[in-house]
2 protein chains.
Amino acid sequence: MDEQRFEDRLQAFIEEIKQEDQMTEKQRSILEAAIKLFASKGFHASSTSEIAREAGVAEGTIFRHYKTKKDILIAAVAPVIVKIAAPYILKDIRTITEARAEKSFADIVTELYRNRLSLLEANEKHFRILIQEAFFHEELRETLLQTVAKEGKQIIQRFVEQRIEAGELRPLPPEVLMRIVLSLLLGMVAFKYVVGKEEFASLPEEEQIDLTVDILMNGISQR
Amino acid sequence: MDEQRFEDRLQAFIEEIKQEDQMTEKQRSILEAAIKLFASKGFHASSTSEIAREAGVAEGTIFRHYKTKKDILIAAVAPVIVKIAAPYILKDIRTITEARAEKSFADIVTELYRNRLSLLEANEKHFRILIQEAFFHEELRETLLQTVAKEGKQIIQRFVEQRIEAGELRPLPPEVLMRIVLSLLLGMVAFKYVVGKEEFASLPEEEQIDLTVDILMNGISQR
DNA sequence: GTCTATAACTCGATAGAC
DNA sequence: GTCTATCGAGTTATAGAC
């Protein structure tokens with residue numbers, strides 16, 4: 001019964017966000033406070049009174065704008081999915097599919113890695129919430145997988161298959177290739193954010209990416 | 001003030017776990033119920049009354065055994081750190097350092113990947129809690145990084161350096177090599193558990209590992 | 001600011017093991 | 001009969017909701 005509501009809400013928010021300048025001052029500060037708190041303490045550990053205090057509004061004001069606490073979560077997370085994740089994935093897909101022969105696989109992947117890392121850096125807090133809450137709220141996880149994984153999978157696979165046929169890549173199973181490419185990205189992200197910046201980052205990020213792509217291409221390109 | 005207490009508690013639990021058969025029936029069922037709930041809903045979303053119901057005990061009984069709810073979390077997670085993470089890391093380190101010239105880098109990595117994936121499979125719930133709560137509880141994150149990252153880093157780096165000197169691996173920065181090796185493992189885990197089994201696993205796990213190692217070795221080995 | 005539910009946690013009563 | 005594990009109603013605080 002809740003999954004349906006979530007889809008509806010998401011649709012509603014897509015509309016709402018399109019004219020998001022209509023958001024009041026208070027509404028915006030509530031969302032900002034919520035994002036900050038959710039990202040640092042998690043959804044359940046952040047109380048609405050805390051959000052109100054942080055936002056500098058009365059607690060009642062929160063419920064004027066968002067019916068439930070969960071609505072705040074959705075309002076915080078939905079834009080990330082519809083504004084950031086989806087368009088960027090579509091953009092990538094375009095970039096990848098349109099770059100038929102002009103660009104090398106290495107260049108495309110390098111660009112992909114750079115995109116992703118800077119995107120993540122710019123929206124760190126949102127993604128934190130997204131990842132954490134996706135663990136528990138199946139609605140979110142489903143929406144994410146539907147948006148990200150399923151749509152992306154086919155196109156990337158087809159593209160990889162083309163590159164294999166063209167003799168640029170080794171004839172490996174496409175989904176394995178895809179996994180490897182994404183694993184290395186995921187690994188860079190994990191080391192950057194989880195393990196810590198100081199401990200491991202002996203090289204500047206640019207070089208990290210270049211080296212990673214170099215190793216990747218040695219591993220997957222056709223001799 | 002809390003970090004100190006955590007270390008103390010951890011020490012206490014290390015002792016406790018060593019004679020863990022002294023655990024009463026109830027105590028064990030409380031822990032089991034808590035692990036189940038924490039893993040599926042998270043720490044804050046699981047109430048003690050729920051844990052009690054799930055475990056088939058009175059709520060008061062919980063607090064006879066665990067002073068606070070957080071103690072249950074620690075009791076659930078501490079064994080993973082002290083019983084599973086630490087010994088396995090030590091075992092790996094042994095495996096790696098003792099396999100001087102006899103074993104190829106590829107064989108060692110293959111073994112590492114297999115180990116890790118089956119270890120994860122056997123303790124999925126515990127690791128779920130560990131990862132989720134490590135996001136928020138700095139104590140846990142610190143303990144983990146101290147136990148896992150720091151200790152492992154030096155040894156693996158030294159080993160990788162030896163393999164480079166021996167001409168088996170390309171002269172890449174050791175921490176980059178390490179990141180790549182771990183990224184591919186992380187990626188396999190992520191695809192297995194997050195993205196889902198059916199969607200992507202067209203190949204059996206054994207072959208996935210072998211292919212991954214093959215690609216890795218093409219990428220990092222010296223010609 | 002107020003209401004209601006529920007959270008974590010307490011403690012005296014109880015009952016079975018030795 | 002004491003002792004130890006258990007029960008569960010009761011306490012206090014604070015959550016979300018309006």
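Not measured: the values here are computed from a predicted model.
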What's the separation between atom CG in B/Leu211 and atom CG in A/Leu177, rounded to the nearest 0.5 Å?
9.0 Å

I need the [atom1]-[atom2] distance between [X] and [N], as an integer number of Å.
| X | N | atom1 | atom2 | value |
| --- | --- | --- | --- | --- |
| A/Glu50 | D/dA13 | CD | P | 18 Å |
| B/Arg28 | D/dA5 | CZ | P | 16 Å |
| A/Arg53 | D/dA15 | CZ | C1' | 13 Å |
| A/Phe38 | D/dG16 | CZ | P | 9 Å |
| A/Phe43 | D/dA15 | CZ | C1' | 12 Å |
| A/Phe63 | C/dT4 | CZ | C1' | 13 Å |
| A/Leu73 | D/dA15 | CG | P | 18 Å |
| A/Ile62 | C/dT2 | CD1 | C1' | 16 Å |

Relative to each other, are the rings of A/Phe43 and A/His137 parallel, tilted or perpendicular (30° and 60° limits)?
perpendicular

Using a cut-off of strictly less than 4.0 Å, decide whether [X] has a side-chain nitrogen or oxygen near OP1 or OP2 of [N].
| X | N | answer |
| --- | --- | --- |
| B/Thr61 | D/dC7 | yes |
| B/Ser49 | C/dA7 | yes |
| B/Thr48 | C/dA7 | no |
| B/His44 | C/dA7 | no |
| B/Lys26 | D/dC7 | yes |

Show your reasoning for whether salt bridge (Lys or Arg N to Asp or Glu O under 4.0 Å) applies to B/Glu205 and B/Arg114.
CA-CA 9 Å; B/Glu205 195 164 290; B/Arg114 283 200 193 135; over 6 Å; no

Closest nucleotide among [options] to the [X] side chain:
| X | options | result |
| --- | --- | --- |
| B/Ala58 | C/dG12, C/dA8, D/dG8 | D/dG8 |
| A/Lys69 | D/dC7, C/dA8, D/dG16 | D/dG16 |
| A/Ser47 | D/dA17, C/dC9, D/dA15 | D/dA15 |

Do B/Phe136 and A/Gln132 come within less than 4.5 Å of each other through their side chains, counting heavy atoms only?
yes

If you take all heavy atoms of A/Phe38 and A/Ile129, which pair is closest and at what distance?
CB-CD1, 3.6 Å

